[in-house]
Amino acid sequence: MMLLCVLCMPLVLAASMTSAVKPKTKKKAEKRVYLVHADELRYDRWQNNDAQVLRGHVEFEHDGAKLYCDSANFFEASNSFEAWGHVRMLQGDTLSLVSDFGYYDGNDQMLEALDNVVLKHRGTTLYTDSLYFDRIWNQGYFQNGGRLVDKSTTLTSDWGEYHTDTKMAVFFYHVVMDDKRFHLTTDSLYYNTRTKQAQIVGPSNIISGDSKIYSEMGFYNTDTEVAELLDRSVLRNEGRVLTADSLWHNGKTGVNEGYGNVVYTDSVNKNRLLCNYGHYEDSIGYAMCTDSAVVIDFSQRDSLYMHADTFKVFTYHLNTDSVYRVIHAYNKVRAYRVDVQAVCDSLVYESKDSCMTLYHDPIVWNQNQQLLGERIQVFMKDSVLDHANVLGQALSIEKLPEDKLYNQVSSKDMFAFFEKGDIREGRAVDNVEVVYYPVEESDSSYVGLVNMQTSELKMFMDKRKLQKIWTPKADGTMYPMSQIPPKMRFLDRFVWFDYVRPLSKEDIFNWRPKKAGTELKVQKHKDSTRKRTVR
């Protein structure tokens, strides 16, 4: 029995090896190109390069794909064929390819299609005149121009490829992408027909509505119409330019957002905005910026720099002849220009009447002069200062060259009128108090100190020099310089806030509050318009 088992063992092993080899042989046979049907078949070994000549309703089958044509040369030895007339390849129920001519290599599973080529894959269609389709890698590529249509999106380029497994299309050279409200030109682009997302990988120009965008890296979704642009992309819109480390643009809503080193320049109104986060909505003209936000006005010879925690812009009557904007700056506002500086808690600018209003402990400095009150209004005309109002607890202080000498005027309200940017007239109204040092014109020495109380005061200036003062009935005293009582040198509300004053455009970021006890306490007025506190 043992001898019999030894003799039978080689036969059992041979049988098992034979059964294992059979599937591999079958699979190899499946890679052969099969001729399924032809109305006519003709073969001459010495003609047509050893090809079987087929005519009429020709059908081939190869590894899950069916191929049809009007006529063909079938090279059975090389497992390939040439096809003419209504060439068509079907792969499952999701992919079809048609052309006028085709050459198929069954060993490489490569189809070369020429003339009027149309590749359809699910909802995507590719048009070209020359296409190579690799069934092993599930990709088609063209080298002589092509056009891909995916719903409302159309892409054209000189060279490209499309992957049916990943749904990814890659385009190079003279790439153009059109989609509803989006037009893109570039030399390199990736587009996924499944996620509807285009990836920008080179210098690209984009037109979306009235906006023109330049980017070298970014993404755009054709379904949501949202673009995310990186690497200091630039957005332009009617004289306005927005640049940031990354930009976010929504074509449907017109919302734009910038992140990191945002720079917004308005060449029409001659101003610039810097921040680390910015938000802008085209449809309503709303803008907001924060995080190291700075507004720069360069409409004058010297630029004005202003910082606040947050800036907001509201646009009214958009797209009409009566359009105007209101700008809000709030929390720790500081402004610097060579000739003027200011601080306050909040600020509002209305372009309708070119009025800028400073709220909550506002202070304005002009050279050696300091002005403060409950509320300060500054009116511009053709970008030049026209007049200014100080409403509530107005106090004007002029620092004189001599140490500890100050001209001072205190009243309920003050008004200043300018001509070509220089003050020509100043008025103080209601409960006016004055501390003033007259100057002897012959030697510019101080005559003494005038302490005066009146109901109204007018000062007329010429080339920033006082020409005359007008006042109705007034009560006051003049003290010689050597006999001035110490308590008469300063008004009750006198404080020189030099430690608060911005010293440079870089210093606008350094908030320095008033010392405790020197803050202005807002008084209630009979006029209801002065009771409101705007923040």
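Throughout, residue positions are numbered sequentially from 1 according to the sequence presented. Scope of the values below: all heavy atoms of this structure, side chains included, with no hydrogens, waters or symmetry mates.
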*Asks:* Can Lys151 and Asp223 be counted as an ion pair, charged N to O under 4.0 angstrom?
*Replies:*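 Here Lys151 does not pair with Asp223 in a salt bridge, since their nearest N and O are not under 4.0 Å apart.
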*Asks:* Any chance NE2 of His174 has more than 12 other-residue heavy atoms, nucleotides or ligands included, within less than 6.0 Å?
*Replies:*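 No, not enclosed.
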*Asks:* Flag this pair as yes if the NZ/CZ of Arg147 is under 6.0 angstrom from the six-membered ring centre of Tyr127 and inside a 45 degree cone about the axis; otherwise no.
*Replies:*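 Yes, a cation-pi geometry.
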*Asks:* Determine the sole option in Val435, Leu405, Asn451 for which the side-chain contact (heavy atoms from CB on, under 4.5 Å) test with Arg489 is passed.
*Replies:*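 So, applying the side-chain contact (heavy atoms from CB on, under 4.5 Å) to Arg489 and each of Val435, Leu405, Asn451, only Leu405 qualifies.
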*Asks:* Taking Glu161 for its side chain and Met168 for its backbone only, find out whether a donor-acceptor pair lies under 3.5 Å.
*Replies:*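 Answer holds: no.
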*Asks:* Using side-chain heavy atoms (C-beta onward) and a distance below 4.5 Å, is Leu347 in contact with Tyr330?
*Replies:*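 No, every pair of side-chain atoms sits at 4.5 Å or beyond.
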*Asks:* Looking at Asp179, Asp150, Thr222, Asn221, which one forms a side-chain hydrogen bond (donor to acceptor under 3.5 Å, both in side chains) with Lys196?
*Replies:*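 It is Asp150; the other options fail the test.
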*Asks:* Heavy atoms, side chains only, cut-off 4.5 Å: are Arg272 and Asp266 in contact?
*Replies:*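 Side-chain contact under 4.5 Å: no.
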*Asks:* Please report the C-alpha distance between Asp245 and Asn261 in whole Å, then the side-chain angles of each, then the deciding distance to 0.1 Å, and finally whether the side-chain hydrogen bond (donor to acceptor under 3.5 Å, both in side chains) criterion is met.
*Replies:* CA-CA 6 Å; Asp245 290 345; Asn261 299 312; 3.1 Å; yes
*Asks:* Please step through ring-ring contact (aromatic ring centres under 6.0 Å, His included) for the pair Tyr259 and Trp248, ending with a clear verdict.
*Replies:* CA-CA 8 Å; Tyr259 299 86; Trp248 188 84; 8.3 Å; no
*Asks:* Can you classify the ring geometry of Phe417 versus His387 as parallel (below 30°), tilted (30 to 60°) or perpendicular (above 60°)?
*Replies:*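 Parallel.
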*Asks:* Would you please test Tyr162 and Val170 for side chain to side chain contact (heavy atoms under 4.5 Å, CB included) and show each step?
*Replies:* CA-CA 6 Å; Tyr162 176 69; Val170 183; over 6 Å; no
*Asks:* For residues Tyr349 and His328, establish whether the separation of their ring centroids is below 6.0 Å.
*Replies:*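 No, the ring of Tyr349 stays outside the 6.0 Å limit from the ring of His328, centre to centre.
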*Asks:* Taking the six-membered ring for Trp, are Phe172 and Tyr190 parallel (under 30°), tilted (30 to 60°) or perpendicular (over 60°)?
*Replies:*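 Phe172 vs Tyr190 ring planes: perpendicular.
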